**Q** 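Below is one structure. I have some questions about it.
Only a predicted model underlies this, so the values are computations on that prediction, with no experimental measurement involved. All chains are named by letter (A, B, ...) in the order of the sequence lines, taking the proteins before the strands, and each is independently numbered beginning at 1.
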Amino acid sequence: MATATVSLHRIDATTWEIPASARPDMRVPARIIADGELLAEIRGDESLVQLQNVATLPGVVDAVIAMPDIHQGYGFPVGGVAAMDVEEGVVSPGGVGYDINCGVRLLALPLDADELGAERKERLMDELFARVPVGTGRGGGVPLRPGELEAVLREGPRVLVDKGIGRDDDVEHCESRGRIEGADPAAVSQRARERGHDQLGTVGSGNHFVELQRVERVVGEQAAATLGLREGQLTVLIHSGSRGLGHQVCTDYVRKMDAMLARYGIRLPDRQLSCAPIRSPEGRAYLAAMAAAANFAWANRHAIAARVREAIARVLGREVAAATQTVYDVAHNVAKFEAYAERRVLVHRKGATRAFPAGSPEIPERYRSCGQPVFIPGSMGTASWVLVGAPGSVERTFGTTCHGAGRRLSRTRARKQIHGRELERQLAARGIAVRAASARGLAEEAPFAYKEVDKVVEVVERAGIARRVVRLVPVGVIKG
DNA sequence: ATGTAC
């Protein structure tokens, strides 16, 4: 509806702008990174109206930005970036998303896909499916003693290493070492902690997965070598988040902040943008709870990876498991304090990935020469990408790039077009082994429900915010 | 995304 009236000005080959003058309530312009074709898809939903809504929030600086994989979400669009001045600005749970620190971790095996063989592949898939719990509302996570969940919320995956789960180098290869400062378990409700207590090391459902892959193509030779990736190699991509715990944190603070809007004199075009001043008690409490949920999510992917190593050890041997490296782990649903042009801001990235360029002190030393690794999970049965951050991200997008293919069809519409078991047969016919807890969940993630991931990453490369390194194709997938 | 509706 309203999308038809959005006035877009093309700025360059990959950037469009909606000026702040487009609506009386916009404080800053909205910019869209895309190409003509992706833009046409983006205009098919409400995401650009949502982006303009975000541009009305108090303290928003410079411009709100849409990545080429943007689609509509809760209040904020998924695939949106908004930076708020730390003094004047607000923090919004909807700007982070219900799945706090949903993110992606890549493991690299010291083995080529060719060397695996059909029989060991099926056994590896069975072992993975047996060891890594998938599905909604299911427990089966790492058993925790009293106080240990609170330690994980405070410190992240480092706590699990102390328990003998995973390794120091896994933690070193996480964005911000798997920990956001200022986490406070006391800011996380009892209910949220109850929901999370048996979910550490579980995948969940929706678009979450554990995928066995092959490096199909190397595009950036030098960066690939630096990241320890080569053509033909086996990898495992883990996509999950903070499960019920993060979901409950979002629910709790959306409600709390909604009740305070009038008192803080905040007027919103959409109540789903519920927010509070960064400096307010509610804002600080949310940030402390968000950090705790983010730390939980990093520990979750760390624990999943440890179980993946167990499955690898069982089928391919202890040595292969020990030589399986965590390449890196990125968050794509989180808010972080960063500085741009000497200005301190809180960058909300929802369905968007930090992508710092080469030389950034935030990147592990061994990767500093090539830029921060970024993983872009494609839709099920299609490709995924490894990118590295490029200088344009700092200049144009608050150090950010895209996060995935971006949904094109609703879950309901996807379900109407194919049955999960039929999809499973189609994937198997293409050599992709599937282990799924739910046929319905499978149908919702059908490849045709998503935009073309190759096109999305091509655009972010042309925009100069990230560079392509390798293309990964699925060998097998474990899903909720 | 989510004990897919407190």
**Q** Starting from P on dA5(B), measure out to OH on Tyr98(A) and report it in whole angstrom.
**A**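 One finds 12 Å between P of dA5(B) and OH of Tyr98(A), rounded.
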**Q** Scan Asn333(A), Thr400(A), Thr397(A) and name whichever one has a side chain to side chain donor-acceptor pair (under 3.5 Å) with Arg349(A).
**A**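 With Arg349(A) as partner, Asn333(A), Thr400(A), Thr397(A) yield a single side chain to side chain donor-acceptor pair (under 3.5 Å), made by Thr400(A).
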**Q** For Glu194(A), which contact category applies under a 4.0 Å heavy-atom criterion: base, sugar-phosphate, or nothing?
**A**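 Glu194(A): no heavy atom of the nucleic acid under 4.0 Å.
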**Q** Over how many whole Å does the gap from Gln272(A) atom CD to dT2(B) atom C1' extend?
**A** 15 Å
**Q** Can you tell me if the side-chain N/O atoms of Thr251(A) get under 4.0 Å from OP1 or OP2 in dT2(B)?
**A**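 Looking at the OP1 and OP2 atoms of dT2(B), neither is under 4.0 Å from any side-chain N or O of Thr251(A).
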**Q** Expressed as a whole number of angstroms, how long is the span from Glu444(A):CD to dT2(B):C1'?
**A** 12 Å
**Q** With sugar-phosphate meaning primed atoms plus P, OP1 and OP2, does Arg195(A) contact a base, only sugar-phosphate, or nothing at under 4.0 Å between heavy atoms?
**A** base
**Q** Main chain of Arg468(A), side chain of Glu461(A): is a donor-acceptor contact present, judged purely on distance under 3.5 Å?
**A**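 Yes.
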**Q** Describe the nucleic acid contact of Gly97(A) in one word from base, sugar-phosphate, nothing, applying a heavy-atom distance below 4.0 Å.
**A**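 Nothing, no heavy atom under 4.0 Å.
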**Q** Hey, does Arg255(A) reach any base, or is it just sugar-phosphate, or nothing, if we go heavy atoms under 4.0 Å?
**A**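 No contact.
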**Q** In whole Å, I'd like the distance from the CZ atom of Arg191(A) to the P atom of dC6(B).
**A**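 One finds 7 Å between P of dC6(B) and CZ of Arg191(A), rounded.
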**Q** Checking all strands, does Gly241(A) fall into the base, sugar-phosphate, or nothing category for heavy-atom contacts under 4.0 angstrom?
**A** nothing
**Q** Using the side chain to side chain donor-acceptor pair (under 3.5 Å) rule, take Asp99(A) and His208(A) through it: C-alpha gap first, then chi angles, then the decisive distance, then the call.
**A** CA-CA 11 Å; Asp99(A) 190 3; His208(A) 290 170; 3.1 Å; yes
**Q** Rounded to the nearest Å, what distance is computed from the CG atom of residue Asn300(A) to the P atom of nucleotide dT2(B)?
**A**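 Atom CG in Asn300(A) sits about 10 Å away from atom P in dT2(B).
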**Q** Are Arg243(A) and dT2(B) close enough that a side-chain N or O sits under 4.0 Å from OP1 or OP2?
**A**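 Arg243(A) to dT2(B) OP1/OP2: side-chain N or O found under 4.0 Å.
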**Q** OP1, OP2 of dG3(B) versus side-chain N and O of Gln199(A): anything below 4.0 Å?
**A** yes
**Q** On the 0 to 90° scale, with breaks at 30° and 60°, tag the Tyr367(A)-His173(A) ring pair as parallel, tilted or perpendicular.
**A**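 Aromatic pair Tyr367(A)/His173(A) classed tilted.
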**Q** Do Gln248(A) and Arg195(A) have side-chain atoms, one donor and one acceptor, less than 3.5 Å apart?
**A**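 Arg195(A) and Gln248(A) do have a side-chain donor-acceptor pair below 3.5 Å.
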**Q** For Tyr253(A) and dT2(B), give me the distance from atom OH to atom C1', rounded to whole Å.
**A** 19 Å
